[in-house]
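As the structure lists them, so they are numbered: ligands from 1, and atoms in each ligand from 1. Because only heavy atoms are used, hydrogens play no part in the values below, and waters and symmetry mates are left out as well, while side chains stay in. All of these numbers come straight from a predicted model, not from anything done at the bench.
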Amino acid sequence: MPVPVAVALAPLDFSGEPRFAWRGVMLDVARHFRPLPDLLRFVDLLAAHGLNVLQLHLTDDQGWRFEVRAYPRLAEVGGRRSESQLGHGPDSTLDGVPHEGSYTQHDLRELVAYAAARGIRVVPEVDVPGHAKAVLAAYPEFGVGDVEAVRARNLEPWTRYGINDEVLNVEESTLAFVFEVFDELCDVFDSDVVGFGGDEVRKQRWADDQRTQELMAERGVATEEELQAWFLAQVAGHLAARGRRVIGWDEMLEGSGGGVGAGAGAGGADAAASVLPADAVVASWRGPVGAELGARLGHDVVLCPDLWTYFDYRQSDAADEPIPVGTVLSLADVATFDPVPADAPTTLRERVVGVQANVWTEHLDSRERLDYAVFPRLGAFAEVAWNGGPLDRASFEARLPAYLAWLDEQGVDARPLDGPRPDQQRPGVPGAPRDRASRIAELEELTATLRRSS
Ligand code: ACM
């Protein structure tokens, strides 16, 4: 056990016992790699905010950042792309600048020990079976269909952002590969909870592929939603044998006793057991539906609804906000986050173990950009995580000047309250801002498969 290091807390309200056991931040190091010293600094800052979980999103379409000794091409090939999307939406371009990086197992052991000494558990995440383009650039044999066609579609990790059709195939050999990857992950990370992703898995390639359909028939799997749940359940079972539980995004409930494709049939969720282990944790990001269903199916729930906790979302609707994506999520909005409202179902109330802010880094390509997105919003989030929300606005605002001064002393390049300085702006780089009503409508649609069984 590392020797505990005394942590000086930021001047925020951390009186009393913490409201939530899981007070987390997810950092995406797949879209933009951050060198180890930046991660250690980030850990220091999380600890000073009374937080205790760093979920590290190590893999995605755009990059694979974890050294796997049995499969060296994952980091070597999957860890480098020739260029990156600049901006978002139809006017986005490509920057022509190579981006690369990966952590050695030695680096990550250092991170785990450093974080543990500061009271922070590092929860590693390897995202399967979707978000697979970096894997397939390295090992196209794990894709769906003809291997040469998979190779041709994935000459390198994705240089664009968004959701694409690539998924892993469901051969036994691919599962064996995935198990080996998670075995090495478990060797490095001692967290009892391990992230397996499960989000945004497009099903078309499985649906169109004869071999996948044969495997589904052999396994008694009726729909592609069930196949996703089956795949995730295999990974969860493998991890259980190593004494680990999984955390996955709320899509993991589709076809898992919770979705329309589930074996129990539409509307049968109350009767159906999840095919995932009962101790799997649901990270609920698409509104309350997944959280409530997960709780009813007996899972612990971490609340990270995008409208309040996605720190890549824009902080104002002013024209000078850099690369504006998502809905407006200002500091004041974060302070209104009410994780478990008074009218929340009792089952949910009993199952919520925590809250998490998610920092996706498609457009956060430097330490300064990361600071800009995270601070000072993390201050409001940290108080919600510690005390519950929403915050008393006047009281929080009274603490703000001291908090902002503290951030400055720490060398954090926070967003000024009145908007970005000129050097924090990205003039000419297009964004894709959303309004809240359209995002809420989209979330309703996205979670329809879960809601129909609620
Ligand atoms: C997610 O935002 N794809 C979990």
Side-chain angles (χ1 to χ4, degrees), residues 22 24-32 53-65 85 88 123-135 157-158 160-168 193-203 228-229 232 235 246-254 256 258-259 276 280-291 293-294 299 301-314 325-327 329 337 354-364 373-374 377 381 432 434 436 438-440 442-447 449-450:
W22 179 299
V25 169
M26 187 271 335
L27 179 64
D28 166 16
V29 290
R31 271 53 174 270
H32 279 104
V53 173
L54 170 60
Q55 180 171 336
L56 205 56
H57 185 76
L58 285 162
T59 73
D60 215 300
D61 294 297
Q62 294 79 10
W64 182 285
R65 309 294 175 209
Q85 182 171 316
H88 220 101
V123 172
E125 181 191 356
V126 163
D127 200 343
V128 291
H131 288 287
K133 282 180 80 71
V135 178
W158 209 15
R160 286 282 177 181
Y161 300 127
I163 307 172
N164 69 78
D165 284 342
E166 297 295 349
V167 288
L168 299 181
V193 182
V194 169
F196 69 174
D199 59 322
E200 298 175 327
V201 182
R202 291 230 177 117
K203 316 289 188 308
Q228 168 181 305
L232 291 172
V235 179
V246 290
I247 183 167
W249 305 104
D250 56 58
E251 290 95 325
M252 75 181 191
L253 298 173
E254 290 169 3
S256 171
L276 293 162
V281 184
V282 178
S284 170
W285 69 283
R286 303 178 303 166
V289 180
L293 179 58
H299 298 295
V301 173
V302 171
L303 296 166
C304 48
D306 69 330
L307 296 174
W308 285 277
T309 70
Y310 269 38
F311 284 1
D312 54 326
Y313 284 11
R314 64 201 165 111
V325 298
T327 55
L329 178 59
F337 181 30
V355 291
Q356 183 165 288
N358 292 330
V359 187
W360 301 105
T361 61
E362 282 91 336
H363 305 294
L364 308 178
V374 173
R377 290 190 287 194
F381 174 80
R434 304 285 309 265
R436 212 174 159 85
S438 87
R439 177 59 180 161
I440 289 170
E442 185 182 52
L443 288 173
E444 298 254 307
E445 226 171 88
L446 288 172
T447 55
T449 49
L450 299 184

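Ligand 1 is surrounded by D199, E200, W249, W285, Y310, W360, each with at least one heavy atom closer than 4.0 Å.
Screening T447, D250, D306 against R286 for a side chain to side chain donor-acceptor pair (under 3.5 Å) leaves a single residue, D250.
Geometrically, R436 engages W308 in a cation-pi contact defined by less than 6.0 Å to the ring centre and at most 45° from the axis.
D28 approaches T361 most closely through the heavy-atom pair O-OG1, 2.7 Å. Taking all atoms of both residues into account, the shortest heavy-atom contact from I163 to R202 is O-NH1, 3.5 Å.
Partners of R65 according to the side-chain hydrogen bond (donor to acceptor under 3.5 Å, both in side chains) rule, which considers only residues two or more places apart in sequence or in another chain, do not exist here.
Rounded to the nearest 0.5 Å, atoms NE2 (H57) and CG (D199) are 6.5 Å apart.
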